[in-house]
Amino acid sequence: MPELPDVEVFKQYVESTALHKKMDAVEIRSKDMLKNVSGREIKKALEGHQFVSADRHGKYLFLKTENTTWLVLHFGMTGFVTYFKDPTKEPAHNRLLIRFSNGYHLAYDCQRKLGEITLTEDPGLFAEERQLGLDALKPGFNLDRFKHILKNTASAVKSALMNQKYIAGIGNIYSDEILFQAGIHPDTKSKELNDDEIARLYNQAESVLKAAIEAHADPSRFPASFIMPHRRGDRTCLKCKGGIEKTKTGGRSAYYCPRCQERI
DNA sequence: ACATTGACCTGAGAGC
DNA sequence: TGCTCTCAGGTCAATG
């Protein structure tokens, strides 16, 4: 779930549910998910306060309290947030539970514990410290920047797209989708791409991510042209009706259509 | 300095 | 059914 579009949807979800409500109690369910922070510090930063706004950089979600501290959430491969009233609705792998004074709860669930919970005083500084590149959908990220990145790395284009130091937000699923829409093979060396191919990738990165957000990052609502819902199951490319292949690129599984995404 | 690999953690699903 | 094996939408430290 949690690549840029998913986290953007989480952000919008929190904005529409959990802002401006007093937090009565915070329960840390998995201490091992806290990074550079103690449970006591988290509780102190949140209890008695309220969230007033949310922000996102790449795959990180930031929730600001009125006392200037931000709660930082990263979702690993399996994380999500959910807002609910009925205590029996608490998700199975809840790692952080916030009880609001209105009787509702916000849970951060992360089955595989590959995510992270921490605090920051400044999301911009946090992104710098973590050496995150520019967010793929935020101002500052442009074609020139993108071209510069791709021309200056020795890695496969899929790996470059997924490298959070270069561009923040794109992961395994959406890199496959962007490459498919641009008609480029995942193993193509970034350096070997020509200007036209780079422009296609750049434009597709933007439209794929935006379309996914539009569809609430819900695969069942994705545009029919997306390859993603066909990675498993029928494994059929909608463009050419041929079979979708699977390979390994940079240690991650990559799905692609060998006819529509010819290796250069 | 940069790119690639393995480790981290847990559970679901496939195959026997 | 129960066991084993593989894989999973991420990142970091160790390695080349």
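Chain A is the first sequence line, chain B the second, and so forth, proteins listed ahead of strands; every chain is numbered from 1.
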Hey, can you tell me if A:Tyr60 and A:Phe126 have their rings parallel, tilted or perpendicular (30° and 60° cut-offs)?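 Taking A:Phe126 first and then A:Tyr60, their aromatic rings stand perpendicular (interplane angle over 60°).
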
Between A:Phe141 and A:Tyr202, how do the two ring planes meet: parallel, tilted or perpendicular, split at 30° and 60°?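 It falls in the tilted class, 30° to 60°.
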
Quickly work out the [X] [atom1] to [N] [atom2] distance and round it to whole Å.
| X | N | atom1 | atom2 | result |
| --- | --- | --- | --- | --- |
| A:Lys246 | C:dG9 | NZ | P | 9 Å |
| A:Lys248 | C:dG9 | NZ | P | 10 Å |
| A:Lys35 | C:dG10 | NZ | C1' | 11 Å |
| A:Tyr108 | C:dG10 | OH | P | 13 Å |
| A:His74 | C:dG9 | NE2 | C1' | 11 Å |
| A:Ile149 | B:dC2 | CD1 | P | 13 Å |
| A:Asn163 | C:dG10 | CG | C1' | 12 Å |
| A:Met228 | C:dA8 | CE | C1' | 13 Å |

Can a salt bridge be assigned to the pair [X] and [Y] using a cut-off of 4.0 Å between side-chain N and carboxylate O?
| X | Y | result |
| --- | --- | --- |
| A:Asp176 | A:Arg231 | yes |
| A:Asp135 | A:Arg56 | yes |
| A:Arg99 | A:Glu27 | yes |

Ring centers of A:Phe226, A:Phe180 separated by less than 6.0 Å: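 Ring-ring flag for A:Phe226/A:Phe180: false, centres at least 6.0 Å apart.
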
Ignoring backbone atoms, establish whether [X] has a side-chain N or O less than 4.0 Å from OP1 or OP2 of [N].
| X | N | answer |
| --- | --- | --- |
| A:Arg112 | C:dA8 | no |
| A:Lys113 | B:dC8 | no |
| A:Tyr255 | C:dG9 | no |
| A:Thr153 | B:dA3 | yes |
| A:Ser253 | C:dA8 | yes |
| A:His93 | B:dT10 | no |

Euclidean distance for P, B:dG6 against C:dT6 (whole angstrom):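 Each nucleotide's P atom is 14 Å from the other's.
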
Quote, to the nearest angstrom, the P distance that separates C:dA14 from B:dC9.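 Approximately 15 Å lies between the P atom of C:dA14 and that of B:dC9.
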
Pairing nucleotide - B:dC9, Watson-Crick or G-U, each distance under 3.5 Å: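 The base-pairing partner of B:dC9, which may sit in any strand shown, does not exist here.
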
C:dG9 pairs with, by Watson-Crick or G-U criteria that keep both distances under 3.5 Å: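 Answer to the pairing question: none, since C:dG9 forms no Watson-Crick or G-U pair.
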
Out of [options], which nucleotide sits closest to the side chain of [X]?
| X | options | value |
| --- | --- | --- |
| A:Glu3 | B:dT4, C:dG9, B:dA3 | C:dG9 |
| A:Leu114 | B:dT4, C:dC12, B:dC9 | B:dC9 |
| A:Gln111 | B:dG11, B:dA3, C:dG10 | B:dG11 |
| A:Tyr60 | C:dG10, C:dG9, C:dC12 | C:dC12 |

Base, sugar-phosphate, or nothing for A:Gln164, non-hydrogen atoms under 4.0 angstrom?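 Sugar-phosphate only.
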
Base, sugar-phosphate, or nothing: which does A:Gly76 touch, judged by heavy atoms less than 4.0 Å apart?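 Since only primed, P, OP1 and OP2 atoms lie under 4.0 Å of A:Gly76, the category is sugar-phosphate.
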
Judged by each residue's nearest nucleotide on DNA chain C, which is more toward the 5′ side, A:Lys165 or A:Tyr174?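 That would be A:Tyr174.
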
